[in-house]
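Below is one structure, written out as structure tokens; comments come after it.
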Amino acid sequence: MDKGRGAGGRLSTRRVGHGGGDITFDHGAQYFTARDERFRERVRQWMAAGVCQPWQGTIASVDEPGNVTPKEGGPIRYAGMPGMSAIVSAMARDLPVQFSCTVEYIEQSGDAWVVHASDGQARQFDALVIATPAPQVASLLSGVSDVAERARACEMRPCWAVMAAFEHRLPIEADGVFVNIENQPLAWIARDSSKPGRPRGERWVLHAGPQWSQANIERERADVVTTLLRALEQALRIQVPSPVHAAAHRWRYALTHSQVEGGCILDPTTRLAVAGDWCHGGRVEGAYLSGLAAGEQLLECLRR
């Protein structure tokens, strides 16, 4: 079950109707890398299926206003095609996933787990896997399992994202820029339209840093758009024209550097597994490896 309208989470792709057609933004995870051989093999399968390709965009950093420095080398960066959500959609294609269904509370009944959802139904399972941000895990399992305390100990920080489309190309030579300027709201900017399989156009995604996002967590979306576009001008010393489309999205639980031993949390007695990027150091690869660990450990538990 997933409370979202489709698969993805922070691998979501936002589709916006504009003029004669739709425009899209990867407003969460911008790309992913692959270091672990198990994940590399999965990436090769995704590439063969046509749902991801390397992103050949040029990457740079800016440490003081206007001083954009290209970053040489680094790992291969991959992007989903035609959007980041394509990867998760492909994985979920043959699974009986129920979307737009929020889990309201969970309880144990004998040896079974009972999941109560927003559609009024109660579903019973022999085993349970929860793959949500740590604070949501803690809320769902509060008073139900000791796993709640382990999840509550994990810190997750927010990220404000701005999606902006422009009529003409911005005077920025790089396609992705890490912003490392002190007291600057921005942490990352990306020419989203430079990724493989995207329609033509000039579309940018701006991510604010965790400190600024936390301090402005309840700020009005229109104010966030204005502030981050102004910050873009200041960081790169350019003039940014009025966008033809601009919107902000708040990722309340976006960033973590936590690591759980074994890559997931398992309660073998109750056949409960908890997974997520926050269990495996963050990043898309961490989320995959955490889910893999949860599945393997839970299956071994069920075999016994």
Side-chain angles (χ1 to χ4, degrees), residues 10-11 25-35 43 52-80 83-84 155-166 168-196 198 201-216 224-241 243 246 248-251 254-258 277 281-287:
R10 277 177 283 130
L11 276 176
F25 297 90
D26 295 327
H27 57 308
Q30 300 292 288
Y31 61 84
F32 60 92
T33 57
R35 294 173 173 83
V43 172
C52 84
Q53 286 293 330
W55 177 29
Q56 304 293 351
T58 56
I59 307 299
S61 64
V62 55
D63 299 311
E64 58 183 52
N67 186 17
V68 179
T69 305
K71 292 177 71 70
E72 303 294 338
I76 298 173
R77 296 174 173 88
Y78 298 91
M84 291 295 282
E155 180 186 10
M156 298 197 74
R157 307 182 76 181
C159 174
W160 269 111
V162 164
M163 299 156 276
F166 300 91
H168 301 293
R169 183 181 174 90
L170 296 188
I172 304 172
E173 295 305 315
D175 298 306
V177 181
F178 293 96
V179 182
N180 306 314
I181 302 174
E182 190 174 356
N183 298 322
Q184 233 279 357
L186 286 173
W188 162 262
I189 63 171
R191 179 179 277 116
D192 199 58
S193 46
S194 70
K195 296 174 186 174
R198 270 55 172 184
E202 181 75 351
R203 297 178 302 280
W204 283 82
V205 172
L206 320 177
H207 279 177
Q211 290 183 330
W212 189 91
S213 296
Q214 184 66 66
N216 294 272
V224 173
V225 169
T226 300
T227 300
L228 293 194
L229 287 176
R230 186 181 300 122
L232 174 61
E233 290 186 317
Q234 295 169 350
L236 272 64
R237 295 281 175 86
I238 62 172
Q239 272 198 318
V240 176
H249 180 85
R250 176 180 56 200
W251 296 104
L255 305 170
T256 181
H257 296 290
S258 64
D277 65 331
R283 303 180 183 275
V284 174
E285 181 174 24

Reported [atom1]-to-[atom2] distance for the pair [X] and [Y], which is rounded to 0.5 angstrom:
| X | Y | atom1 | atom2 | answer |
| --- | --- | --- | --- | --- |
| Asp192 | Leu206 | CG | CG | 10.5 Å |
| Gln211 | Asn183 | CD | CG | 9.0 Å |
| Phe25 | Met163 | CZ | CE | 7.0 Å |
| His249 | Cys159 | NE2 | SG | 9.5 Å |
| Thr69 | Ile59 | OG1 | CD1 | 13.5 Å |
| Met156 | Leu255 | CE | CG | 7.5 Å |

Close side-chain approach of [X] and [Y], heavy atoms under 4.5 Å:
| X | Y | value |
| --- | --- | --- |
| Ile76 | Thr33 | no |
| Ser193 | Asp175 | no |
| Arg230 | Val240 | no |
| Pro185 | Leu228 | yes |
| Thr58 | Pro70 | no |
| Arg203 | Arg191 | no |
| Val284 | Leu11 | yes |
| Phe178 | Ile189 | no |

I need the minimum non-hydrogen distance between [X] and [Y], along with the two atoms involved.
| X | Y | answer |
| --- | --- | --- |
| Val43 | Ala34 | CG2-CB, 4.1 Å |
| Pro65 | Ile181 | N-CD1, 3.7 Å |
| Asn180 | Ser61 | ND2-CB, 3.9 Å |
| Ser213 | Pro158 | CB-O, 3.5 Å |
| Leu170 | Pro241 | CD2-CD, 3.6 Å |
| Arg198 | Gly83 | NH2-CA, 3.5 Å |

Could you go through the ring-ring contact (aromatic ring centres under 6.0 Å, His included) check for His27 and Trp251 one step at a time? CA-CA 9 Å; His27 57 308; Trp251 296 104; 5.1 Å; yes

For Asp277 and Glu285: C-alpha separation, side-chain torsions, deciding distance, then whether side-chain contact (heavy atoms from CB on, under 4.5 Å) applies. CA-CA 8 Å; Asp277 65 331; Glu285 181 174 24; over 6 Å; no

Could you tell me whether a side-chain N or O of Trp160 sits under 3.5 Å from a main-chain N or O of Asn216, the two making a donor and an acceptor? yes

Judged by atom type as modelled, is there a donor-acceptor pair below 3.5 Å linking the side chain of Gln184 to the main-chain atoms of Ala231?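 Present.
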
Verify the distance criterion only: is there a donor paired with an acceptor across the side chains of Glu202 and Trp204 at less than 3.5 Å? yes

Do we see a donor-acceptor contact under 3.5 Å between the side chains of Ser194 and Trp55? yes

Is it the case that more than 12 heavy atoms not belonging to Arg283 sit under 6.0 Å from its CZ atom? no

Step through the shown structure and confirm whether more than 12 heavy atoms of other residues, nucleotides or ligands are within 6.0 Å of CD on Glu173.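 No, the 6.0 Å shell around CD holds no more than 12 heavy atoms from other groups.
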
Show your reasoning for whether side-chain contact (heavy atoms from CB on, under 4.5 Å) applies to Gln30 and Met84. CA-CA 8 Å; Gln30 300 292 288; Met84 291 295 282; over 6 Å; no

Could you please spell out the steps behind the side-chain contact (heavy atoms from CB on, under 4.5 Å) verdict for Asp26 and Val205? CA-CA 7 Å; Asp26 295 327; Val205 172; 5.6 Å; no

Can you say whether the rings of Tyr78 and Phe32 are parallel (under 30°), tilted (30 to 60°) or perpendicular (over 60°)?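 Answer is parallel, since the angle falls under 30°.
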
Hey, mind stepping through Val162 and Val224 against side-chain contact (heavy atoms from CB on, under 4.5 Å) and telling me if it holds? CA-CA 8 Å; Val162 164; Val224 173; 3.9 Å; yes

